[in-house]
Amino acid sequence: MNNVTGKVHAFVLPLLTGVLLAPFPAMPVTDPILVALQGCWQGKAIKTPRGALSYPICFELQQDNSLYGVANLDVSRHHWHFSSQDDNTQLRFLSTFAGNDTPIYLSASHTATDHIIFEADNSRYLKVRILQQEERTYRFTIEVKGKEHVIIVLTQEER
């Protein structure tokens with residue numbers, strides 16, 4: 001009996017250790033506004049510190065259930081990464097302008113059927129508002145210190 005018990009322990013212990021140490025899968029992005037962002041968009045940054053510019057971007061669902069898109073611009077790349085953690089939608093945004101490689105982390109502070117607002121820890125410094133204007137049109141407004149800094153309008157490409 002002791003030999004059987006030893007074999008069971010030798011099998012169960014690694015099994016439990018593997019299960020307990022395995023990373024938990026990310027919760028899928030479920031906000032309808034973000035789910036609808038999947039796909040490619042023709043965009044225009046209608047307000048930026050450098051003037052208006054083209055803003056093409058494609059958002060794809062990732063293996064970890066997050067939503068990721070990158071806009072390759074003339075002066076930088078903008079990385080948008082949406083994920084859900086503990087029933088809260090998160091945004092990790094990175095602009096590589098002027099060699100920056102530090103992302104900004106924001107959390108959803110308000111959601112409604114047609115918009116979602118993300119705020120940094122210091123909400124007076126940075127807010128990102130995503131508004132679904134029509135079925136295939138979105139408006140991203142980035143506020144810095146309470147003032148509109150960038151406005152991006154995205155229109156989904158025909159499928």
Side-chain angles (χ1 to χ4, degrees), residues 18-157:
V19 168
L20 294 175
L21 295 178
F24 290 103
M27 295 170 48
V29 172
T30 57
D31 190 289
I33 292 172
L34 298 178
V35 170
L37 273 175
Q38 291 181 67
C40 292
W41 301 79
Q42 286 303 315
K44 184 161 188 155
I46 59 174
K47 178 180 181 180
T48 77
R50 306 196 80 183
L53 55 103
S54 178
Y55 203 94
I57 189 167
C58 292
F59 289 98
E60 294 181 356
L61 193 60
Q62 303 297 296
Q63 281 187 315
D64 67 354
N65 293 317
S66 63
L67 185 66
Y68 173 76
V70 62
N72 293 309
L73 311 173
D74 290 337
V75 294
S76 65
R77 292 170 52 117
H78 288 176
H79 300 265
W80 298 83
H81 187 236
F82 300 96
S83 61
S84 292
Q85 296 174 358
D86 301 327
D87 290 332
N88 189 12
T89 305
Q90 308 286 317
L91 167 60
R92 183 178 70 218
F93 175 78
L94 170 65
S95 171
T96 61
F97 183 75
N100 179 57
D101 63 359
T102 304
I104 299 172
Y105 296 89
L106 303 102
S107 296
S109 62
H110 180 79
T111 58
T113 57
D114 66 344
H115 70 275
I116 185 167
I117 299 172
F118 293 92
E119 296 184 18
D121 286 341
N122 181 353
S123 62
R124 291 185 180 166
Y125 179 72
L126 184 67
K127 285 186 185 180
V128 175
R129 299 174 192 267
I130 300 175
L131 171 66
Q132 186 174 17
Q133 293 181 308
E134 298 171 17
E135 184 178 343
R136 293 180 170 222
T137 304
Y138 281 78
R139 179 184 180 105
F140 288 48
T141 304
I142 300 165
E143 295 179 9
V144 177
K145 298 180 183 175
K147 295 182 181 177
E148 287 182 349
H149 182 67
V150 172
I151 299 173
I152 302 163
V153 177
L154 300 179
T155 304
Q156 194 165 39
E157 294 179 355

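We use all heavy atoms of the structure for the numbers below, so side chains are in, but hydrogens, waters and symmetry mates are not.
Under the 3.5 Å distance criterion, with hydrogens and angles disregarded, no donor-acceptor pair is assigned to the side chains of T155 and Q42.
The distance from atom CZ of R136 to atom CH2 of W41, rounded to the nearest 0.5 Å, is 8.0 Å. Here CG of L126 is found 10.5 Å from CG of D121. Values are rounded to the nearest 0.5 Å. A distance of 12.0 Å separates CG in L106 from OG1 in T89, rounded to the nearest 0.5 Å. Rounding to the nearest 0.5 Å places CZ of F118 at 8.0 Å from CD of Q90. For the atom pair CZ of F82 and OH of Y68, the computed distance is 12.0 Å after rounding to the nearest 0.5 Å. Rounding to the nearest 0.5 Å gives a distance of 8.5 Å between CD of Q132 and OG1 of T113.
With sequence neighbours excluded, no residue forms a ring-ring contact (aromatic ring centres under 6.0 Å, His included) with H149. Residues satisfying the side-chain hydrogen bond (donor to acceptor under 3.5 Å, both in side chains) test with Q133, not counting sequence neighbours, are none. Scanning for side chain to side chain contact (heavy atoms under 4.5 Å, CB included) contacts around A112 gives H110, D114, H115, with sequence neighbours left out.
Taking 4.5 Å as the limit, every side-chain heavy atom of L94 sits out of range of all side-chain heavy atoms of I104. With contacts defined as side-chain heavy-atom distances shorter than 4.5 Å, the pair H79/R77 qualifies.
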Listing, residues 43-62 side-chain donor-acceptor contacts under 3.5 Å, not counting sequence neighbours, or none:
unit_1	atom_1	unit_2	atom_2	d
K47	NZ	E148	O	3.3
T48	OG1	R50	N	3.0
T48	OG1	G51	N	3.0
T48	OG1	G51	O	2.4
Y55	OH	H78	ND1	2.8
Y55	OH	W80	NE1	2.9
Q62	NE2	E60	O	3.1

Using a 3.5 Å cut-off and no angle test, enumerate the donor-acceptor pairs between side-chain atoms of residues 138-147 and protein atoms at least two apart in sequence or in another chain.
unit_1	atom_1	unit_2	atom_2	d
Y138	OH	I33	O	2.9
E143	OE2	R129	NE	2.8
E143	OE2	R129	NH2	3.4

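Counting all heavy atoms, side chain and backbone alike, I152 lies closest to L154 at CG2-CD2, 3.7 Å. Listed here is the closest heavy atom pair of P103 and Y105: CG-OH, 3.6 Å. For the pair S95 and N100, the tightest heavy-atom approach, listed with the atom from each and the gap, is O-ND2, 2.8 Å. In terms of heavy-atom proximity, Q156 sits nearest to C40 at CG-O, 3.5 Å.
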Evaluate the side-chain contact (heavy atoms from CB on, under 4.5 Å) criterion for residues L67 and L37: first the C-alpha distance (whole Å), next the side-chain angles of each, then the deciding distance (0.1 Å), finally the verdict.
-> CA-CA 9 Å; L67 185 66; L37 273 175; 4.0 Å; yes
List the steps and the verdict of side-chain contact (heavy atoms from CB on, under 4.5 Å) for T137 and V153.
-> CA-CA 7 Å; T137 304; V153 177; 4.0 Å; yes
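Sorted by first and then second residue, the disulfide bond (SG atoms under 2.5 Å apart) pairs with a member in residues 63-113 form an empty list; sequence neighbours excluded.
Remark: side-chain polar atoms of S83 are not paired, donor with acceptor, to backbone N or O of S66 under 3.5 angstrom.
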